[in-house]
Amino acid sequence: QVQLVESGGGLEQAGGSLRLSCVASGRAFSWYRVGWFRQPPGTEREFVAAISGSGSTTYYSDSVKGRFTISRDNAKNTVYLQMNSLKPEATAVYYCNKVNLETPPVAIGSWGQGTQVTVSS
């Protein structure tokens with residue numbers, strides 16, 4: 001069973017940058033597609049970005065395309081989410097999870113505690 005732990009959140013001003021990390025335990029990490037999701041206050045959790053096992057294919061929601069970049073280092077069992085040009089509406093708890101092949105990808109694993117990102121205007 002793969003477990004994923006998120007970190008890297010914090011308080012940032014609008015226009016700033018943050019990099020989130022998602023570290024996986026367990027074997028065969030490079031076999032799994034991984035996605036980032038976020039849940040703004042009082043709303044449903046939503047898809048943000050996903051990456052294939054090899055890292056060669058990525059997919060983004062329209063709201064973050066061009067500003068966020070997902071990447072992975074399989075040697076470190078880690079997936080990253082680089083967030084640039086942050087906007088206040090990016091304020092949310094961010095989660096990572098294994099995802100399937102649907103469009104947009106759907107989470108198929110257990111949810112962790114997430115990491116809080118707060119963007120001030």
Side-chain angles (χ1 to χ4, degrees):
Q1 178 102 9
V2 173
Q3 289 190 325
L4 305 175
V5 178
E6 308 90 346
S7 64
L11 175 62
E12 183 59 65
Q13 291 185 337
S17 299
L18 281 173
R19 188 176 80 158
L20 307 183
S21 298
C22 169
V23 179
S25 63
R27 299 179 179 179
F29 174 70
S30 63
W31 294 3
Y32 301 103
R33 302 170 192 85
V34 176
W36 283 97
F37 299 79
R38 65 187 180 187
Q39 186 166 19
T43 66
E44 300 280 326
R45 189 151 35 203
E46 62 186 24
F47 169 76
V48 175
I51 189 166
S52 63
S54 67
S56 61
T57 303
T58 56
Y59 184 84
Y60 298 92
S61 68
D62 288 342
S63 62
V64 306
K65 199 172 295 182
R67 297 185 298 112
F68 288 15
T69 302
I70 189 171
S71 62
R72 68 191 295 160
D73 184 342
N74 287 339
K76 296 182 178 180
N77 275 19
T78 302
V79 172
Y80 303 99
L81 184 68
Q82 177 67 43
M83 306 187 294
N84 297 330
S85 303
L86 283 165
K87 302 178 181 180
E89 49 264 42
T91 295
V93 179
Y94 283 72
Y95 303 87
C96 59
N97 206 326
K98 293 170 57 178
V99 297
N100 62 12
L101 284 172
E102 293 185 30
T103 302
V106 174
I108 58 175
S110 300
W111 294 106
Q113 293 191 336
T115 186
Q116 175 71 48
V117 171
T118 303
V119 183
S120 63
S121 57

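Applying the ring-ring contact (aromatic ring centres under 6.0 Å, His included) rule to pairs touching residues 64-90 yields nothing, sequence neighbours excluded. A side chain to side chain donor-acceptor pair (under 3.5 Å) check over residues 9-28, counting only residues at least two apart or in different chains, returns the pairs Ser17-Asn84. Here salt bridge (charged side-chain N to carboxylate O under 4.0 Å, His left out) pairs that include residues 111-121, with residues two or more places apart or in two chains, number zero. Applying the ring-ring contact (aromatic ring centres under 6.0 Å, His included) test to pairs two or more places apart or on separate chains, none has a residue in residues 16-35. A salt bridge (charged side-chain N to carboxylate O under 4.0 Å, His left out) check over residues 36-55, counting only residues at least two apart or in different chains, returns the pairs Arg38-Glu46. Residue pairs meeting the salt bridge (charged side-chain N to carboxylate O under 4.0 Å, His left out) criterion with at least one partner in residues 105-121, sequence neighbours excluded, do not occur; the list is empty. Residues in residues 47-67 take part in these salt bridge (charged side-chain N to carboxylate O under 4.0 Å, His left out) pairs, two or more places apart or across chains: Asp62-Lys65.
When all heavy atoms are compared, the tightest approach of Pro105 to Tyr59 is CD-CD2, 3.6 Å. Of all heavy-atom pairs between Cys96 and Val34, the closest is CB-CG1, 4.4 Å. In this structure, Ser54 and Ser56 approach most closely via the heavy-atom pair OG-OG, 2.9 Å. Taking each heavy atom of Ala50 and Val99 in turn, the nearest pair found is CB-CG2, 4.2 Å. Leu86 and Ala90 make their closest contact through CD2-CB, 4.0 Å (heavy atoms, listed as atom of the first residue, atom of the second, distance). Heavy-atom minimum distance, Pro88 versus Ala14: CD-CB, 4.1 Å.
The closest donor-acceptor contact from the side chain of Asn97 to the backbone of Ala107 lies at 3.5 Å or more, if one exists at all. Remark: the backbone N or O of Gly53 is paired with a side-chain donor or acceptor of Asn74 at under 3.5 angstrom. Distance alone, capped at 3.5 Å, is enough to place a donor-acceptor pair between the Asn100 side chain and the Val106 backbone.
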Item to check | Full working for side-chain contact (heavy atoms from CB on, under 4.5 Å) between Tyr95 and Gln113 | outcome: CA-CA 7 Å; Tyr95 303 87; Gln113 293 191 336; 6.0 Å; no
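Remark: Glu6 CD to Leu81 CG distance equals 11.5 Å, nearest 0.5 Å. Atom SG of Cys22 is separated from atom CG of Asn77 by 10.0 Å, given to the nearest 0.5 angstrom. Here the NZ atom belonging to Lys98 is positioned 11.5 Å from the CD atom belonging to Gln3, to the nearest 0.5 angstrom. The distance from the CZ atom of Arg72 to the OG atom of Ser30 is 7.0 Å, given to the nearest 0.5 Å.
Listed by chain and number, the residues in a ring pair (Phe, Tyr, Trp, His ring centres under 6.0 Å) with Phe37 are Phe47, Trp111 (sequence neighbours excluded). Taking Thr69 as the reference, nothing meets the side-chain hydrogen bond (donor to acceptor under 3.5 Å, both in side chains) condition, with sequence neighbours excluded. Partners of Asp73 according to the side-chain hydrogen bond (donor to acceptor under 3.5 Å, both in side chains) rule, which considers only residues two or more places apart in sequence or in another chain, do not exist here. A search for side-chain contact (heavy atoms from CB on, under 4.5 Å) contacts involving Val117 returns Leu18, Leu20, Met83, Tyr94, Val119, not counting sequence neighbours.
By the 4.5 Å heavy-atom criterion applied to side chains, Thr91 and Gln116 are counted as neighbours.
Residues Val48 and Val79 share a single hydrophobic cluster, defined by chaining ILVMFWY side chains whose heavy atoms lie under 4.5 Å apart.
Under the 4.5 angstrom side-chain criterion for Ile, Leu, Val, Met, Phe, Trp and Tyr, Leu101 has no cluster partners at all.
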